[in-house]
Amino acid sequence: MTPRTPLVDPQGRHIVYLRLSLTDRCNFRCSYCSPGLETAHGDVLDRSDIRRMVGIFAEMGIRRVRLTGGEPTLRKDIVEIVADLTATPGIDEVALTTNGHRLEELAGPLRQAGLRQLNVSFDTFDGDRLERLSGRAADVERIRRGIAAAAAAGFPSLKVNTVVLRDVNDGELGDLARFAWRHGAIARYIELMPFGGGTPVSVAEMQRLLEEQGVTLVPDATRGWGPARHMRGASLDGDVLRQGLLGFIGAITENFCGDCNRVRVSASGALRACLGGRDEVPLVGLLRSASGEAIEAAIREGLSRKRDRHHMEDESFETMVRIGG
Ligand code: SAM
Ligand code: SF4
């Protein structure tokens with residue numbers, strides 16, 4: 001691996017984490033993510049673009065890549081991309097976020113390709129509610145089978161992610177924790193960000209609701225790569241006492257930008273320094289024709305615009321499906 005100068009933003013934060021969107025497309029239509037119908041636009045990074053780009057990022061100090069979208073498992077080459085990235089010198093962790101629709105068939109192959117960290121989005125146990133929230137393709141039983149397959153495949157880190165919406169799924173937080181723990185997963189609760197519809201619930205209120213719904217919570221010092229803060233929980237599940245971790249992402253009430261360590265690249269190869277910013281640097285053309293030095297310079301140029309924090313509370317945004325969550 002050619003050492004390059006590490007990536008540091010204007011605030012002095014070391015950038016070690018790349019979130020890479022593999023596609024804008026999605027088979028679900030979650031109201032909070034894609035309020036309008038998104039169409040795939042322009043060229044999408046192909047497997048060799050991704051391999052080259054991640055190789056250069058790794059030389060600049062990126063240690064972790066999360067694959068997201070859109071729905072990353074809609075890519076036919078998803079298992080091959082994971083295998084390429086886990087084999088990239090310098091990359092310590094490859095993670096994936098999915099809606100779980102194709103997980104039953106993909107959990108085993110993804111684990112074999114070296115994937116260690118898997119997040120599955122799951123907002124409700126109620127089929128009608130899920131259909132209203134995420135569209136007709138979303139099927140509770142299918143996602144549950146996918147999560148069971150992931151548990152059986154033995155991912156070292158498995159998380160069940162829930163966006164908490166007032167008067168929609170705020171009565172299911174305890175059940176979601178018990179469900180996650182039954183599968184050896186961490187239950188994670190995400191504050192709604194203002195991309196689409198729905199009313200948010202703050203992290204403080206989520207914790208109160210969890211206690212009301214039978215989960216006792218104590219603070220836990222676990223810190224991962226991202227902004228989640230953790231609690232350790234316990235709850236009776238029938239006659240069985242279950243225990244496990246819960247993660248809370250206070251995207252709005254606990255501005256998480258202070259220790260931000262990440263950079264994003266969209267499916268079309270646009271580098272974006274901040275989820276809540278609009279500045280983009282296109283990389284796709286460079287990846288197909290330019291030298292490694294020119295690509296490195298473009299990445300540094302994009303990072304030089306990284307602001308101290310997001311301003312999502314007072315700006316309007318594109319959809320999450322376009323940016324890559
Ligand atoms: N399709 C995959 C999925 O749903 O897991 C990956 C992409 S999705 C954009 C990544 C994560 O962003 C999901 O956990 C989703 O619930 C979350 N998300 C989408 N819109 C959001 C919003 N408005 N506020 C908070 N989280 C959101
Ligand atoms: Fe698709 Fe994921 Fe957005 Fe839902 S949250 S519309 S599954 S990209």
Side-chain angles (χ1 to χ4, degrees), residues 19-40 65-75 78 95-103 106-107 110 115 117-124 129-140 142-143 146-147 150 158-166 168-169 176 180 185-203 206 226-228 247-256 262 264-267 272 275-276 310 312-313 315-325:
R19 290 182 73 99
L20 173 59
S21 172
L22 290 183
T23 177
D24 290 348
R25 291 185 302 125
C26 191
N27 43 353
F28 289 8
R29 291 281 172 268
C30 302
S31 56
Y32 47 72
C33 174
S34 51
L37 277 194
E38 289 286 332
T39 48
V65 183
R66 175 169 296 281
L67 301 173
T68 178
E71 177 47 43
T73 64
L74 293 184
R75 286 214 34 165
I78 181 67
L96 179 96
T97 307
T98 175
N99 62 24
H101 191 76
R102 293 199 60 216
L103 200 50
L106 282 176
L110 286 169
L115 190 74
Q117 307 206 343
L118 183 67
N119 290 6
V120 188
S121 301
F122 187 51
D123 293 334
T124 173
R129 188 173 289 161
L130 184 69
E131 187 177 326
R132 282 196 298 278
L133 199 56
S134 298
R136 290 178 50 190
D139 174 344
V140 169
R142 189 166 165 150
I143 301 169
I147 293 170
L158 179 63
K159 295 174 188 158
V160 175
N161 279 352
T162 302
V163 176
V164 183
L165 298 148
R166 186 174 302 286
V168 178
N169 60 355
L176 283 158
I186 299 179
R188 299 216 310 175
Y189 303 92
I190 305 172
E191 268 180 14
L192 179 71
M193 291 183 263
F195 293 102
T199 310
V201 175
S202 68
V203 163
M206 292 176 199
F248 297 91
I249 302 178
I252 300 297
T253 62
E254 301 175 0
N255 187 291
F256 49 46
R262 59 185 64 185
R264 292 169 193 269
V265 173
S266 73
R272 195 185 269 242
L275 173 66
H310 77 65
M312 287 196 262
E313 60 285 7
E315 294 175 21
S316 66
F317 286 93
E318 296 159 86
T319 58
M320 191 76 134
V321 80
R322 154 97 178 90
I323 302 169

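Atom set for the values below is all heavy atoms of this structure, side chains included, hydrogens, waters and symmetry mates excluded. Every number for a ligand or one of its atoms is a count from 1 in the order of the listing.
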Any donor-acceptor N or O pair under 3.5 Å, side chains E71, N27 | no
Any sub-3.5 Å donor-acceptor pair from R29's side-chain atoms to C26's backbone N or O?
-> yes
Between P194 and ligand 1, is there a nitrogen or oxygen pair with a distance under 3.5 Å?
-> no
Say whether Y32, considering both its backbone and side-chain N or O atoms, lies within less than 3.5 Å of an N or O atom on ligand 1.
-> yes
With heavy atoms of N99 as the reference, note each atom of ligand 2 found under 4.0 Å away.
-> 7 (S)
Counting heavy atoms only, which of N27, N99, T97, L96 comes nearest to atom 11 (C) of ligand 1?
-> T97
Do any of the N, O or S atoms of C30 sit under 2.8 Å from atom 4 (Fe) of ligand 2?
-> yes
Ligand 1 N/O within reach of G70 N/O, cut-off under 3.5 Å = yes
Supply the atom-to-atom distance N169 CG to D123 CG, rounded to the nearest 0.5 angstrom.
-> 5.5 Å
Whether R75 side chain and L22 backbone form a donor-acceptor pair below 3.5 Å = yes
N/O donor-acceptor pair under 3.5 Å between E191 side chain and V203 backbone = yes
For G69, the ligand 1 atoms whose distance to one of its heavy atoms is below 4.0 Å | 7 (C), 9 (C)
With a cut-off of 4.0 Å, which atoms of ligand 1 are near a heavy atom of E71?
-> 1 (N), 2 (C)
By side-chain hydrogen bond (donor to acceptor under 3.5 Å, both in side chains), T124 pairs with (sequence neighbours left out) E172
With heavy atoms and a 4.0 Å threshold, my read on which part of C26 contacts ligand 2 is side chain
For S266 and R272, does a side-chain donor sit closer than 3.5 Å to a side-chain acceptor?
-> no
Counting heavy atoms only, which of S121, G70, S31 comes nearest to atom 8 (S) of ligand 2?
-> G70
Contact region, T98 to ligand 1, non-hydrogen atoms below 4.0 Å, reads backbone
